[in-house]
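Take a look at the structure below.
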Protein chains: 2
Amino acid sequence: MEEVVKKVDVFQAIADPTRRDVLRLLANKERSIAEISSHYDMSRTAIVKHLNVLTDAGLVNGQKSGREKVYHLQPEPLTEVKQWLDYYEQFWNNKLSRLKFLVENEE
Amino acid sequence: MEEVVKKVDVFQAIADPTRRDVLRLLANKERSIAEISSHYDMSRTAIVKHLNVLTDAGLVNGQKSGREKVYHLQPEPLTEVKQWLDYYEQFWNNKLSRLKFLVENEE
DNA sequence: TTGACATAACACCTTTTGGTTATATATAAT
DNA sequence: ATTATATATAACCAAAAGGTGTTATGTCAA
């Protein structure tokens, strides 16, 4: 049995610009650690740490393939952010959506 | 002239659970610092720091009213988060939205 | 005008974050 | 077998985050 314990909050994981950028990289295609770190000035070790945070948030998944470790995007946790955001949409959208929200919630 | 300089990234601002909770409090109605901090175990000073971060991200606005300072929600910066999220929606929604994205982007 | 209250401004402490370098291990290629 | 490559891990460090408590200042109300 492989218990996947989510140690890191997804909001925390996407707070860092580098981590958001890594997600964008992985959205296109899966990449090895070396390939990912080649895009940045910082050391490969630093990138690995970011990948660990993203992994602990469930946003990426790394699989060993020979001597490489290939990471790919797992966007599911982002639904939590979306749901959180949905609540606030009523405040910036138009009056109609505000009305819609109020009616739906019988306020 | 009052130049409002956005010093804090909105992603960083919403990374903290307490700050997200404060936003939720202010969504209902505007509240003074004392009223906000009464909801939490931590000191009022700590809450003020969180409010400063939220202010620097443009998510809340505090106005002095007599000897109180009343904060209210300013949700506009959240649109940046929403736009960022929109890109990833293609990956978790249904096949149809994936298709829609591909067609729209002529991939 | 005096006292109580709300907020501001500090100084300080601890933990976490984000990065470094160095070393070790595993795989691939020659 | 040897060598080069990719990743893993440990030790370390500086700066920022997140909290504390204390003191100062301004405002309301009796």
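All chains are named by letter (A, B, ...) in the order of the sequence lines, taking the proteins before the strands, and each is independently numbered beginning at 1.
- The span of DNA chain C lying next to chain B, judged by atoms under 4.0 Å from heavy atoms, is bounded 5' to 3' by dA4(C) to dC10(C).
- Salt-bridge check for K49(A) with D16(A): failed, with every basic side-chain N at 4.0 Å or more from each acidic carboxylate O.
- Considering only residues two or more places apart in sequence or on other chains, R19(B) meets the salt bridge (charged side-chain N to carboxylate O under 4.0 Å, His left out) condition with none of them.
- A heavy atom lying under 4.0 Å from DNA chain D marks the following residues of residues 30-53 of chain B, by number: M42(B), S43(B), T45(B), A46(B), K49(B), H50(B).
- The distance between atom CG of D56(B) and atom P of dA16(D), rounded to the nearest whole Å, is 15 Å.
- In this structure, the side chain of S65(A) does not engage the main chain of E68(A) through any donor-acceptor pair within 3.5 Å.
- For residues 64-84 of chain B, the pairs satisfying ring pair (Phe, Tyr, Trp, His ring centres under 6.0 Å) are F11(B)-W84(B), W84(B)-Y88(B), with sequence neighbours left out.
- For the pair L51(A) and V60(A), the tightest heavy-atom approach, listed with the atom from each and the gap, is O-CG2, 3.9 Å.
- For the pair Q12(A) and A15(B), the tightest heavy-atom approach, listed with the atom from each and the gap, is OE1-CB, 3.7 Å.
- Atom CD of residue E30(A) and atom CD of residue Q63(A) lie 7.5 Å apart, to the nearest 0.5 angstrom.
- The two atoms that bring L59(A) and P77(A) nearest to each other are CD2-CB, 4.0 Å, heavy atoms only.
- Pairs engaging residues 27-58 of chain A under the ring pair (Phe, Tyr, Trp, His ring centres under 6.0 Å) rule: none recorded [sequence neighbours left out].
- Here the shortest heavy-atom pairing between K69(A) and G62(A) reads CE-O, 3.9 Å.
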With sugar-phosphate taken as primed atoms, P, OP1 and OP2 and all else as base, the protein-contact string of nucleotides 25-30 of chain D at under 4.0 Å (heavy atoms; B, S, -) is --BB--
